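Structure provided below as structure tokens; questions to follow.
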Protein chains: 2
Amino acid sequence: MAEERRTDENVIYVGRKPPMSYVLAVVTQFNSGSEEVIIKARGRAISTAVDAAEIVRNRFVTDAKVKEIKISTESLTNEEGRTSNVSSIEICLTKKKGK
Amino acid sequence: MAEERRTDENVIYVGRKPPMSYVLAVVTQFNSGSEEVIIKARGRAISTAVDAAEIVRNRFVTDAKVKEIKISTESLTNEEGRTSNVSSIEICLTKKKGK
């Protein structure tokens, strides 16, 4: 079946902007021919990532499905050398062509 | 195989408290004999839910696995009768006994 393709192009990193900014990025990515778009976020942006995925699925790319959701923990080191753990999420949306 | 049991007991609703409050609730639930605990959250609390799940898995119940993560959209009606959509998440953690 479809090989997992993780080029940088089909990964959308969610930050502090409103969800619609990322919705636009995801929709653009699907429209440019990607079958799979991965939405990644850390910390407080996780909620925004879920919002963006849901808006894409419900309003813009209604044939897109959530293929997989992964959560994990990343260790970040700040300028003072202290490490803190931050949760992250990866939401993989797929749109099958011709089905 | 294991029937999906969704009694109220093994569902932890995440709100505005710090993640550790919910971590404690999840750990208590596992210690009381549950094999499966579901963490639910809406809106901004989604990040906290992911934090809680990750802390449980990494620090307290290291044999717990993420069985499934679902995202969805809920319509809420406020006092003025307006509806707004809010994203929600369900994280299902399982701990297999005797394995």
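Since we're looking at a predicted model, the values are computed, not measured. Just so it is clear: chains get the letters A, B, ... in the order the sequence lines come, proteins before strands, and each one is counted from 1.
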Given a strict heavy-atom distance threshold of 4.5 Å, which part of B/I89 is in contact with chain A: side chain, backbone, both, or neither? side chain
Chain B-proximal positions within residues 14-22 of chain A [heavy-atom distance under 4.5 Å]: none
Hydrophobic side-chain clustering at under 4.5 Å (ILVMFWY, transitive links): who's grouped with A/L24? Put none if nobody.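 None, because no other hydrophobic side chain comes under 4.5 Å of this residue.
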Assigning hydrophobic clusters by single linkage (Ile, Leu, Val, Met, Phe, Trp, Tyr; side-chain heavy-atom cutoff under 4.5 Å), is A/V27 placed with A/V11?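 No, separate clusters.
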If Ile, Leu, Val, Met, Phe, Trp and Tyr residues are connected whenever their side-chain heavy atoms lie under 4.5 Å apart, and connections chain through other members, are A/I71 and A/I38 in the same group?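 No, no single cluster joins them.
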Measuring heavy-atom distances to chain B, does A/V50 have an atom under 4.5 Å in its side chain, in its backbone, in both, or in neither?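 A/V50 touches chain B through backbone and side-chain heavy atoms alike.
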Comparing B/V86, B/V66, B/I69 against chain A, the one with the most heavy-atom pairs below 4.5 Å turns out to be B/I69
Nearest atoms (heavy-atom pairs only) where A/S47 meets B/S47: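 That closest heavy-atom pairing would be OG-OG, 2.8 Å.
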Once rounded to the nearest 0.5 Å, what's the spacing between atom CZ of B/R44 and atom OG1 of A/T48?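 Nearest 0.5 Å value for the CZ-OG1 distance: 4.5 Å.
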What residues of residues 51-59 of chain B make heavy-atom contacts with chain A at a cutoff under 4.5 angstrom?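 The stretch touches chain A at B/D51, B/A53, B/E54, B/R57, B/N58.
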Listing request: all side-chain hydrogen bond (donor to acceptor under 3.5 Å, both in side chains) pairs with a residue in residues 76-85 of chain B, at least two apart in sequence or in separate chains. B/S75-B/N85
State plainly whether one hydrophobic cluster holds both A/Y13 and A/I91, where clusters connect Ile, Leu, Val, Met, Phe, Trp and Tyr through side-chain heavy atoms under 4.5 angstrom apart.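 Shared cluster, no.
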